[in-house]
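Before I ask anything, let me first share the structure, which is written out below as structure tokens.
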Amino acid sequence: MPPRPSRNVDQLLLEAGHALLPETGVRGLSIRQVTERAGVNLGMFHYHFKTKDVFVRAILEQKYNDMFTSLKVTTKGKGAAIEHLRSAVTLLARWGRDNRVLFVRLLGDAFAGEQVATEFLQANMPRHIQVVVELVLQAQNAGELRKLPLPQVMSFLMGGAAAPIVVGTAAINGGLVPPFVSNQLEQTVFTDAAIAERIDMALTGLAVPKKSGAKR
């Protein structure tokens, strides 16, 4: 077979990294693994990315920035603030679900002191949290959500939407649950329908109570 064009090498390496990182985490990823999967030599890796840290940052930023662009689009335009909030939390929960193995690995890497993982989380977690906070404030000001303290609202809303995914994935990865429980999580907790149901329950719980009917 003819050699692959050199202009595609960086993309081949990134594709290999995207596939490997959820399996290995930052700590377990090696440059040799990446080059072997991409079918290129070590010299080309160093030419395009210099170091493993630069490479991992490129993978994580690419994945996150694609999601964040979609998030900004989702929250613009006409419509009630609470519906923009619903759309934003749904997008984030589904993205977290789709990348749950990588995300749990990344948290483990950060707790273990991996600088790349820690810096990525510190730089990016506040970005999408700020978007949700602004939407919550808009919904509160519009009289659509109760004016509870923001930490209370965020922990209830994001906890209901995302916590079962993170905790469930960590339990599966750690071998803490039997296979039949893993299957149940996949079928009843990680689905789009389950995510939508949890978000609906959270927003209903946070909504301004409807006024009772007029007195007789």
Side-chain angles (χ1 to χ4, degrees), residues 1-74 88-129 131 158 161-162 164-175 182 185-186 189-192 195:
M1 291 180 62
R4 291 173 173 140
S6 61
R7 61 187 174 85
N8 292 331
V9 167
D10 58 342
Q11 190 57 41
L12 289 171
L13 290 165
L14 287 170
E15 289 171 3
H18 278 290
L20 286 168
L21 200 55
E23 301 173 10
T24 65
V26 177
R27 285 173 292 169
L29 184 69
S30 73
I31 295 173
R32 189 170 295 279
Q33 283 176 303
V34 174
T35 55
E36 287 178 354
R37 189 176 186 107
V40 302
N41 61 53
L42 285 169
M44 292 306 293
F45 178 93
H46 292 294
Y47 173 80
H48 285 285
F49 295 103
K50 311 300 182 190
T51 68
K52 173 182 156 180
D53 284 359
V54 171
F55 178 67
V56 170
R57 286 191 193 97
I59 294 171
L60 296 176
E61 288 173 3
Q62 186 179 69
K63 187 175 291 291
Y64 182 87
N65 288 337
D66 287 346
M67 180 280 293
F68 193 74
T69 298
S70 298
L71 179 65
K72 296 296 286 184
V73 171
T74 297
V89 176
T90 299
L91 186 150
L92 288 169
R94 288 181 178 178
W95 183 80
R97 184 270 318 277
D98 293 343
N99 295 281
R100 60 188 182 275
V101 176
L102 172 60
F103 185 66
V104 169
R105 294 269 191 204
L106 203 61
L107 286 174
D109 286 331
F111 287 134
E114 282 289 338
Q115 187 174 359
V116 175
T118 302
E119 289 177 351
F120 172 78
L121 293 173
Q122 289 176 338
N124 292 291
M125 290 287 284
R127 294 173 65 194
H128 60 264
I129 290 174
V131 171
M158 300 303 290
I165 297 170
V166 175
V167 174
T169 302
I172 293 171
N173 288 357
S182 299
L185 287 170
E186 294 282 354
V189 175
F190 296 163
T191 64
D192 285 355
I195 289 170

Would you indicate whether the side-chain heavy atoms of Asp53 and Gln115 approach each other to under 4.5 Å?
-> no

inquiry  = I'd like to know whether Leu60 forms a side-chain contact (heavy atoms from CB on, under 4.5 Å) with Leu106, so could you lay out the CA-CA distance, the side-chain angles of the two residues, the decisive distance to 0.1 Å, and finally the verdict.
reply    = CA-CA 10 Å; Leu60 296 176; Leu106 203 61; 3.9 Å; yes

- Query: Closest heavy-atom contact between Arg27 and Ala112?
  - Reply: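 Minimum heavy-atom separation between Arg27 and Ala112: NH1-CB, 3.5 Å.
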
Notebook entry, point to check: What pair of heavy atoms forms the shortest contact from Leu14 to Gln62, and how long is it?
Noted result: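 Leu14 and Gln62 have their closest heavy atoms at CD1-NE2, 4.1 Å.
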
**Asked** Is it true that a side-chain atom of Gln11 and a backbone atom of Asn8 form a donor plus acceptor pair closer than 3.5 Å?
**Response** no

Between Trp95 and Lys63, which heavy-atom pair has the shortest distance, and what is it?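 Heavy atoms of Trp95 and Lys63 come nearest at NE1-O, 3.8 Å.
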
>> How close do Tyr64 and His128 get, counting heavy atoms only, and between which atoms?
In response: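 It is OH-ND1, 2.9 Å.
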
query = Hey, does the side chain of Lys52 reach the backbone of Val26 with a donor-acceptor pair shorter than 3.5 angstrom?
reply = yes

Is there a side-chain contact (heavy atoms from CB on, under 4.5 Å) between Leu13 and Thr35 once you walk through the steps? CA-CA 7 Å; Leu13 290 165; Thr35 55; 4.2 Å; yes

Value for CD (Glu61) from CG (Asp66), rounded to nearest 0.5 Å, stands at 11.5 Å

In this structure, NZ of Lys50 is separated from CZ of Phe45 (nearest 0.5 Å) by 11.0 Å

Rounded to the nearest 0.5 angstrom, the CG-CZ distance for Asn41 and Arg32 is 10.5 Å

- Task: Please name the pair of heavy atoms, one in Ile165 and one in Phe190, separated by the smallest distance, quoted to 0.1 Å.
- Result: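 Closest approach of Ile165 to Phe190, heavy atoms only: CA-CE2, 3.6 Å.
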
**Prompt:** Does Ala117 offer a backbone N or O that forms a donor-acceptor pair with the side chain of Asp109 under 3.5 Å?
**Reply:** no

**Report entry** Residues His18, Leu102; criterion side-chain contact (heavy atoms from CB on, under 4.5 Å); working and verdict
**Finding:** CA-CA 9 Å; His18 278 290; Leu102 172 60; over 6 Å; no

CG of Asn65 to CG of Asn124, rounded to nearest 0.5 Å, is 6.5 Å

CZ of Phe68 to CG of Leu91, rounded to nearest 0.5 Å, is 11.0 Å

Fill in: Short side-chain donor-acceptor distance under 3.5 Å, Asn173 and Arg100
no

Practice item. Taking Arg105 for its side chain and Glu23 for its backbone only, find out whether a donor-acceptor pair lies under 3.5 Å. Key: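 Yes; at least one donor-acceptor contact below 3.5 Å.
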
Can you name the closest pair of heavy atoms from Leu121 and Ala110 and give their distance?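 In terms of heavy atoms, the two residues are closest at CD1-CB, 3.7 Å.
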
Please determine whether side-chain contact (heavy atoms from CB on, under 4.5 Å) holds for the pair Phe49 and Asp10, giving the CA-CA distance in whole Å, both sets of side-chain angles, and the decisive distance to 0.1 Å. CA-CA 8 Å; Phe49 295 103; Asp10 58 342; 4.2 Å; yes

Worksheet item: Does the side chain of Phe55 reach to within under 4.5 Å of the side chain of His48, using non-hydrogen atoms?
Response: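 No, every pair of side-chain atoms sits at 4.5 Å or beyond.
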
**Message:** Any non-hydrogen side-chain atom of Ile172 less than 4.5 Å from a side-chain atom of Val101?
**Reply:** no

